[in-house]
Amino acid sequence: MNLSNSYAELPVHFYARVKADPAPNPSLLAWNEALARHLGLEELTQDRERLTRLFSGNEPLPGGVTIAIAYAGHQFGNFVPQLGDGRAALIAEAISPVDGRTYDIQLKGSGQTPFSRNGDGKSPLGPVIREYLVSEAMHRLGVPTTRSLAAVASGGIVMRDRVHPGGVLTRVATSHLRVGTFQFFAARNDRDALQRLADYAMARHYPDAVAADRPLLAFFSAVVAAQAKLVAHWMALGFIHGVMNTDNTAISGETLDYGPCAFMDEFHIDKVFSSIDERGRYAYGQQAHMAQWNLARLAECLMLLDGTTDEYEALLAAFQADFETRYFALMSRKLGFSEPADEHKALVTAWLQRLQDNQLDYTQSFRQLASRLNADGPPLFGDFEARWLQQIDSQPGGRQEAARIMATSNPLFIPRNHQVERAIMAAYEDDLSVFNELQQVLSAPFQEHSGLTQYAEPPRENERVLATFCGT
Ligand code: AMP
Ligand code: MG
């Protein structure tokens, strides 16, 4: 293991030293061996009992310094000057022997910290299982994301709407720096701290910015591009984050915080699942706009150090075009085109309109469309189908090439809400079979898994999940 504690070496008001609460009777539900290898932690894999102690918070990781990080944030548009890790603790950073990068290792649900406000610092097991499944699926689907190293049932109970079993998730991120981390110091007009934080963020994420003429502007521009790329991926997958507050907007451009997130079943541009998103601020179709709003909040922080409103506005304006280019590139591939072209845009629009008008399943429809490449008989998708086939036939490689592209850009398996709910309900009864089967299909989401095809199916009417909860 090659551990570091670079964040704990920053000034003391950046964080608080904490101790994880012991879990009364922990059991290890999942250990991500592949990720452990990436982090240089594979030596731990041998000893399950020790793993259980380490990733329940019962034994500190040797060489790690446990801290809770301070941050602020706009929650649903309202600024809260102090949030911070209220139910999470960074236990160490691992330097990967594979890519040389530094990764945060964080326990979520390991007890109170000075930032807990009125919260208990705990997590029910449900959100632990949900985050483990969805974050790992996102990684396999090619989306930048925090990862999950371990899931533990604490053996204790957590009170929410009712009594839940408790859990601890081990989250891995290239860092937990958020827009809200910058806002924390900006709100205190602490320029020294802001500069320290910016220097730290640039060194860790965007080293090229350090050497630029105007480092902070280059840094901002890199964060804008990372967010544009991230949200383009979400949109192409039918993913709704659900709580895009500035404290959940990672500087790295990774998907951060799997609370009330959801994958859409049937397509609708205004889809909202999150029970706390009453006004649809973070509806599916709002996500690019909200990411840009969050980036504007970052610009306000950086402007305290360098740059004019005009300069930041110009960089921020690039977001929309960058997002659209990336989104249409992904959508073109989903429709089977090797290179994006302007004439695909109308096709994408017509396709989505068709899905929406007919309440068709977003994920499954792309696979069904692909099956039309070598099918006879009446069209499945009306007039759209002939129009689309005509454009496919005019590209080099024709239908064969389209079939290949579509099979690798359109997943068969996504973590569908009703299956994630089933996995949670079963785990509450000590049955991990659904959790394990879901992990299996989601570890290779573009291929068939014999005997597990049910996980590719949309929900039946009685299985539909209408709302998701952060449940924290
Ligand atoms: P979230 O909505 O999950 O991004 O969390 C927003 C803020 O609430 C963060 O500062 C969290 O640390 C804090 N928080 C959420 N749940 C709890 C909890 N059970 N105990 C303490 N703090 C919490
Ligand atoms: Mg959060």
Side-chain angles (χ1 to χ4, degrees), residues 137-138 140-143 228-239 263-269 271 284-285 287-288 320-414 416 441-442 444-450 453 455-458:
M138 289 289 264
R140 302 295 182 143
L141 291 163
V143 184
K229 177 178 169 193
L230 176 67
V231 179
H233 273 291
W234 289 355
M235 296 300 286
L237 270 177
F239 176 78
F263 280 79
M264 289 194 286
D265 296 302
E266 74 282 3
F267 180 83
H268 199 292
I269 192 79
K271 203 73 138 188
Y284 171 73
Q287 297 188 111
Q320 191 57 31
D322 194 8
F323 163 75
E324 276 174 22
T325 306
R326 291 172 184 277
Y327 172 71
F328 279 111
L330 291 168
M331 294 305 282
S332 278
R333 288 193 75 77
K334 286 175 78 70
L335 288 180
F337 298 104
S338 53
E339 294 294 332
D342 270 348
E343 61 265 28
H344 302 155
K345 288 190 183 174
L347 212 52
V348 170
T349 308
W351 170 246
L352 295 179
Q353 193 62 52
R354 187 159 186 97
L355 297 187
Q356 180 159 311
D357 291 346
N358 296 285
Q359 298 177 9
L360 298 178
D361 185 80
Y362 183 70
T363 305
Q364 215 179 33
S365 292
F366 283 96
R367 303 284 294 206
Q368 285 168 347
L369 186 65
S371 77
R372 303 304 300 164
L373 287 165
N374 38 36
D376 305 317
L380 260 186
F381 297 99
D383 301 345
F384 171 84
E385 209 172 295
R387 214 175 127 194
W388 166 70
L389 281 172
Q390 197 187 1
Q391 287 198 35
I392 291 289
D393 288 337
S394 69
Q395 81 163 343
R399 298 192 185 192
Q400 208 178 350
E401 178 65 358
R404 194 190 61 76
I405 295 169
M406 290 180 87
T408 51
S409 338
N410 295 309
L412 195 49
F413 297 98
I414 51 163
R416 291 184 184 269
V441 297
L442 295 170
F446 296 94
Q447 70 185 48
E448 313 263 352
H449 293 266
S450 68
T453 49
Y455 290 104
E457 297 298 322

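These numbers come from a predicted model, not from an experiment. For reference, positions follow the sequence shown, starting with 1.
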Q: Which atom names give the shortest non-hydrogen contact between P411 and L141, and what distance separates them?
A: CB-CD2, 3.5 Å
Q: G336 and I405: which non-hydrogen atoms are nearest, and at how many Å?
A: O-CD1, 3.7 Å
Q: Could you tell me if the ring centre of Y455 sits under 6.0 Å from that of H449?
A: no
Q: Say whether, by atom type as modelled, one donor and one acceptor occur between the side chain of R367 and the main chain of N410 under 3.5 angstrom.
A: yes
Q: Once you round to the nearest 0.5 Å, how far does OG1 of T363 lie from CG of L355?
A: 10.0 Å
Q: Heavy-atom distance under 4.5 Å between the side chains of M331 and F366, does that happen here?
A: yes
Q: Quick one: closest heavy-atom pair of D322 and A228, and the distance?
A: OD2-CB, 3.8 Å
Q: Is the CD atom of E339 crowded by more than 12 outside heavy atoms at less than 6.0 Å?
A: no
Q: Any side-chain heavy atom of L442 within less than 4.5 Å of one from R140?
A: no
Q: Could you tell me whether the side chain of H344 and the main chain of A341 form a donor-acceptor pair under 3.5 Å?
A: yes
Q: To the nearest 0.5 Å, what is the distance between CG (L230) and CE (M235)?
A: 12.0 Å
Q: Verify the neighbour count for atom CG of D357: are there more than 12 heavy atoms of other residues, nucleotides or ligands below 6.0 Å?
A: yes
Q: Answer whether the closest heavy-atom distance between the side chains of T325 and P340 falls below 4.5 Å.
A: no
Q: Check whether any side-chain N or O of Q368 sits under 3.5 Å from a backbone N or O of F381 as a donor-acceptor pair, and report yes or no.
A: no
Q: Is the shortest heavy-atom distance from the side chain of Y362 to the side chain of F239 under 4.5 Å?
A: no
Q: Taking atom CZ of F328 and atom CG of L347, what is their separation to the nearest 0.5 Å?
A: 10.5 Å
Q: Would you say Q356's side chain and I269's backbone share a donor-acceptor pair under 3.5 angstrom?
A: yes
Q: Flag the pair E266 / P458 as yes when at least one side-chain heavy-atom distance between them is below 4.5 Å, and no otherwise.
A: no
Q: Carefully, step by step, assess E457 and Q364 under the rule side-chain contact (heavy atoms from CB on, under 4.5 Å).
A: CA-CA 8 Å; E457 297 298 322; Q364 215 179 33; 3.6 Å; yes
Q: May I ask you to check if K271 and Y284 form a cation-pi contact, with NZ or CZ under 6.0 angstrom from the six-membered ring centre and within 45° of the axis?
A: no
Q: First locate atom CE of M264, then atom CZ of R416, and finally report the distance between them rounded to the nearest 0.5 Å.
A: 11.0 Å
Q: Work out which heavy atom in F384 is nearest to a heavy atom in A350; give both atom names and the distance.
A: CD1-CB, 4.1 Å
Q: Is the shortest heavy-atom distance from the side chain of W351 to the side chain of L335 under 4.5 Å?
A: yes
Q: Mind checking the CZ-CE spacing from R372 to M406? Nearest 0.5 Å is all I need.
A: 12.0 Å
Q: Find the distance between CG (D393) and CD (Q391) and round it off to the nearest 0.5 Å.
A: 10.5 Å
Q: Do N374 and R399 have side chains that get closer than 4.5 Å, going by heavy atoms?
A: no
Q: Would you say that V348 contacts K334 through its side chain, given a criterion of any heavy-atom pair below 4.5 Å between the two side chains?
A: no
Q: For a quick test of reading the model, state the closest non-hydrogen atom pair linking A375 to S371 and the distance between them.
A: CB-O, 3.4 Å
Q: Side chains of Q320 and E324: any donor to acceptor distance under 3.5 Å?
A: yes
